[in-house]
Novice: 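To start, I am sharing the structure in question, which I have written as C-alpha cells.
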Amino acid sequence: MRPLESDEAYEVSISNAALNHFIDAHGGDRRAAEAQIRSLLEDLLAVDARPALRHPETGRWRLRTQRDKFSVTLSRDASVVTGYKARHVDRTYAQVKAGVPSRVASPRHRERKKWFLALQTELPFGVGVMTARLFARLELGFEMTEDNAAEVIEQMRDYMARAGISLPTQEGESRVTDSAGLEWTFEVLPEQRPYLVRVSWGTEG
C-alpha cells in the first residue's frame with residue numbers, strides 16, 4: 001500500500017523538521033537536503049521499500065528502505081514530509097546508491113562502538129554515539145569525548161528522570177517533548193529495549 005505515486009514525490013512539501021534532521025545527520029544546506037529527501041521518497045514510493053506503515057493514532061505514514069537504513073514520515077494526508085531518519089549517518093541515500101563505501105564498518109569504529117555500548121549495560125534503553133554527542137552539545141554545553149562519555153550517559157539518565165520521560169513500550173517509533181522543548185525520539189523493536197534514536201529541539205511537523 002502506498003499513500004502516493006512515485007512521481008508525486010516532487011509535489012509534496014518538506015517540513016523544516018525533516019530538513020533539519022537531514023542536515024543534522026549529513027550536513028549540507030537546505031536545498032541539497034530537500035533534493036535528496038525527494039529523491040529518496042521517489043524510490044520509496046516506487047520499489048525500494050517495505051510496505052508503507054501507518055501509525056494507528058497519528059495517521060502518519062512511514063516508508064523505509066528494505067534494510068531500514070533510511071526512512072521518511074509523511075503527514076496523515078501525505079501532503080508533507082514531516083520526518084527523515086538515517087540509521088547510519090556516514091552516507092546519504094544518494095551516496096549508498098552511488099556505491100560510496102561506508103566508514104562505519106572499520107575495525108576502529110567497531111571497537112569504539114563496543115566500548116560505548118559497555119557504558120549502557122545498566123541503562124533501560126539504548127543510545128547511539130551521535131545521539132549522545134548531540135545531547136551533550138544541546139543540553140550540557142560541551143562536546144562528548146571518551147573521557148567524559150560516562151558522565152554524559154549518567155546526566156542523560158538523570159535528565160530523563162527529572163523530566164518525567166517514560167520509555168515507550170509499544171513497537172515502532174514514538175516521540176516525547178519535555179517541558180523545556182527538547183524532543184526525544186525512541187524506537188522499539190521486537191524483544192529489544194527502547195532505543196533513543198534522536199534528541200532535538202522540537203520543530204514543526
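Values reported hereafter were calculated over all heavy atoms of this structure, with side chains retained and with hydrogens, waters and symmetry mates removed.
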Novice: Strictly below 4.0 Å, N to O, side chains only: are R133 and E143 in salt-bridge contact?
Specialist: no

Novice: In the structure I gave you, are the side-chain heavy atoms of M156 and F125 within less than 4.5 Å of one another anywhere?
Specialist: yes

Novice: Are M160 and R157 close enough that some pair of their side-chain heavy atoms sits under 4.5 Å apart?
Specialist: no

Novice: When you measure from the side chain of R54 to the backbone of G59, do you find a donor-acceptor pair of N or O atoms at a distance under 3.5 Å?
Specialist: yes

Novice: For the side chain of Q120 and the backbone of V127, is there at least one donor-acceptor N/O pair under 3.5 Å apart?
Specialist: yes

Novice: For a quick test of reading the model, state the closest non-hydrogen atom pair linking L119 to A149 and the distance between them.
Specialist: CD1-CB, 3.7 Å

Novice: Decide yes or no for L140 and Y159: does some side-chain heavy atom of the first lie under 4.5 Å from some side-chain heavy atom of the second?
Specialist: no

Novice: Is there a continuous path of hydrophobic side-chain contacts, each under 4.5 Å between heavy atoms, that joins V80 to L41?
Specialist: no

Novice: Is the distance between the ring centroids of H26 and Y84 under 6.0 Å?
Specialist: yes

Novice: Identify whether Y10 and L19 are in the same connected component of the hydrophobic contact network (ILVMFWY, side-chain heavy atoms under 4.5 Å).
Specialist: no

Novice: Within the supplied structure, the quantity of interest is the number of heavy atoms (other residues, nucleotides, ligands) at a distance under 6.0 Å from E5 CD; does it exceed 12?
Specialist: no

Novice: Main chain of V81, side chain of S15: is a donor-acceptor contact present, judged purely on distance under 3.5 Å?
Specialist: yes

Novice: Flag the pair Y93 / I37 as yes when at least one side-chain heavy-atom distance between them is below 4.5 Å, and no otherwise.
Specialist: no

Novice: Check whether any side-chain heavy atom of L53 sits under 4.5 Å from a side-chain heavy atom of W61, and report yes or no.
Specialist: no

Novice: Is any side-chain heavy atom of T82 less than 4.5 Å from a side-chain heavy atom of L74?
Specialist: no

Novice: For the pair R38 and E42, find out whether any cationic side-chain nitrogen is under 4.0 Å from an anionic carboxylate oxygen.
Specialist: no

Novice: Indicate the ring-plane relationship of F135 and W184, choosing parallel, tilted or perpendicular according to the 30° and 60° boundaries.
Specialist: tilted

Novice: Hey, is the main chain of T145 close enough, under 3.5 Å, to the side chain of N148 for a donor-acceptor pair?
Specialist: yes

Novice: So do T177 and L182 actually touch side chain to side chain, heavy atoms under 4.5 Å?
Specialist: no

